[in-house]
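No experiment lies behind these values; they were computed from the predicted model shown.
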Amino acid sequence: MQKLLDNDYAISKRTLLSIKTTPEYDNFSELDFALNEVTVARKDTTSMITIITYLNGEYLTSYWADGLIISTPTGSTGYSLSCGGPVLTPNVESLVITPMAPHNLNARPLVIPDDMEIELRISGREEQFLISLDSRISAVSKDTVVKIKKSPFTISIIEFKEESFLNTIRKKLLWGEDKRN
């Protein structure tokens, strides 16, 4: 508390993601943003789904996977990282597209500029798939088109000097640690 009173901190502005769905779902109408990631995933099946992906209207690829994670730099150290995605520092103006358990071995995480609009079209055996915005989740029909882009606003996070992003990630990922010595 004393550090706050002494202004002994820095403010870190963090990118958020917004989504629009066609057709629209009430579940995302008021809280249509995520700090960490937007995820699309299969619902009631063990079968993979196909996620047809466009960047700024141009076809990228069709992922055949359990799902797809679109993460912000903040979210890059969570679900995306556990699925093989890269770590982004918070101030990088990029997003990460990370497939979840892809069927094709050449499907790799992709870092893109954060000013791109991502459009996802899902197909699969089931009639519904899941969309999650951080911890909020909803089932939607497979004919739903999902558009994801950077939100027009940021969120401010207080960072104490001794708990910087680099210090935190170094400790959590045990960078530089060698248990043999």
Side-chain angles (χ1 to χ4, degrees), residues 1-19 31-43 46 48-49 51 53 55 60-61 63-116 118 120 129-138 146 148-151 153-181:
M1 199 58 180
Q2 191 60 47
K3 289 181 187 261
L4 289 175
L5 295 172
D6 294 341
N7 290 327
D8 188 18
Y9 59 86
I11 299 291
S12 177
K13 299 282 188 185
R14 302 295 177 98
T15 298
L16 292 103
L17 295 172
S18 294
I19 73 161
L31 293 173
D32 69 342
F33 57 88
L35 174 63
N36 295 307
E37 71 269 325
V38 173
T39 303
V40 296
R42 60 193 171 114
K43 187 175 179 264
T46 57
M48 295 183 197
I49 57 177
I51 306 141
T53 307
L55 300 179
L60 171 66
T61 192
Y63 293 98
W64 191 20
D66 287 352
L68 196 65
I69 304 164
I70 313 299
S71 69
T72 64
T74 302
S76 74
T77 58
Y79 197 8
S80 176
L81 179 64
S82 70
C83 289
V87 174
L88 301 180
T89 58
N91 57 342
V92 171
E93 295 179 351
S94 298
L95 304 174
V96 179
I97 301 173
T98 307
M100 299 162 44
H103 180 71
N104 302 45
L105 293 177
N106 59 358
R108 297 288 175 227
L110 178 65
V111 177
I112 63 170
D114 68 2
D115 62 353
M116 295 188 107
I118 303 159
L120 307 176
F129 66 96
L130 300 174
I131 299 177
S132 67
L133 282 73
D134 292 337
S135 61
R136 299 180 315 277
I137 193 165
S138 182
V146 181
I148 304 164
K149 64 182 181 178
K150 182 172 102 172
S151 295
F153 56 90
T154 59
I155 190 168
S156 297
I157 294 180
I158 291 176
E159 264 189 12
F160 297 109
K161 290 175 184 141
E162 65 276 359
E163 295 300 324
S164 70
F165 172 79
L166 295 179
N167 189 32
T168 300
I169 198 147
R170 186 174 49 253
K171 286 192 295 190
K172 286 188 176 187
L173 296 180
L174 304 174
W175 285 356
E177 297 289 323
D178 186 350
K179 298 295 182 188
R180 298 173 294 178
N181 295 323

field: Side chains of Val92 and Val111 in contact at under 4.5 Å (non-hydrogen atoms)
entry: no

query: Do you know the tightest heavy-atom contact between Pro102 and Ala65?
result: CA-CB, 3.6 Å

Side-chain donor-acceptor pairs under 3.5 Å in residues 70-81, sequence neighbours left out?
unit_1: Thr72; atom_1: OG1; unit_2: Leu35; atom_2: O; d: 2.6
unit_1: Thr72; atom_1: OG1; unit_2: Asn36; atom_2: O; d: 3.3
unit_1: Thr72; atom_1: OG1; unit_2: Thr74; atom_2: N; d: 3.3
unit_1: Thr72; atom_1: OG1; unit_2: Gly75; atom_2: N; d: 3.1
unit_1: Thr74; atom_1: OG1; unit_2: Arg14; atom_2: NH1; d: 3.1
unit_1: Ser76; atom_1: OG; unit_2: Pro73; atom_2: O; d: 2.8
unit_1: Ser76; atom_1: OG; unit_2: Leu88; atom_2: N; d: 2.9
unit_1: Ser76; atom_1: OG; unit_2: Leu88; atom_2: O; d: 3.4
unit_1: Thr77; atom_1: OG1; unit_2: Thr74; atom_2: O; d: 3.3
unit_1: Ser80; atom_1: OG; unit_2: Thr98; atom_2: OG1; d: 2.7

- request: List in chain and number order the residues that pass ring pair (Phe, Tyr, Trp, His ring centres under 6.0 Å) with Phe165, two or more places apart in sequence or in another chain; answer none if no residue qualifies.
  value: none

- prompt: Is there side-chain contact between Leu55 and Ile97, with at least one heavy-atom pair below 4.5 Å?
  reply: yes

message: Would you say that Pro99 contacts Leu68 through its side chain, given a criterion of any heavy-atom pair below 4.5 Å between the two side chains?
response: yes

All salt bridge (Lys or Arg N to Asp or Glu O under 4.0 Å) counterparts of Glu162, not counting sequence neighbours: Lys3

- prompt: Do Asp115 and Lys150 have side-chain heavy atoms sitting under 4.5 Å apart?
  reply: no

field: Heavy-atom donor-acceptor pair, Arg136 side chain to Phe33 backbone, under 3.5 Å
entry: yes

query: Would you say the side chain of Ile158 lies within less than 4.5 Å of the side chain of Ile11, judging by non-hydrogen atoms?
result: yes

- prompt: Can you name the residues that form a side-chain hydrogen bond (donor to acceptor under 3.5 Å, both in side chains) with Asp8, not counting sequence neighbours?
  reply: Lys161

task: Output all residues satisfying side-chain contact (heavy atoms from CB on, under 4.5 Å) with Ile49, sequence neighbours left out; order by chain, then residue number.
output: Arg42, Ile51, Ile122

- prompt: Any side-chain heavy atom of Ile112 within less than 4.5 Å of one from Ile118?
  reply: yes

Met48: partners by side-chain contact (heavy atoms from CB on, under 4.5 Å), with sequence neighbours left out: Trp64, Asp66, His103

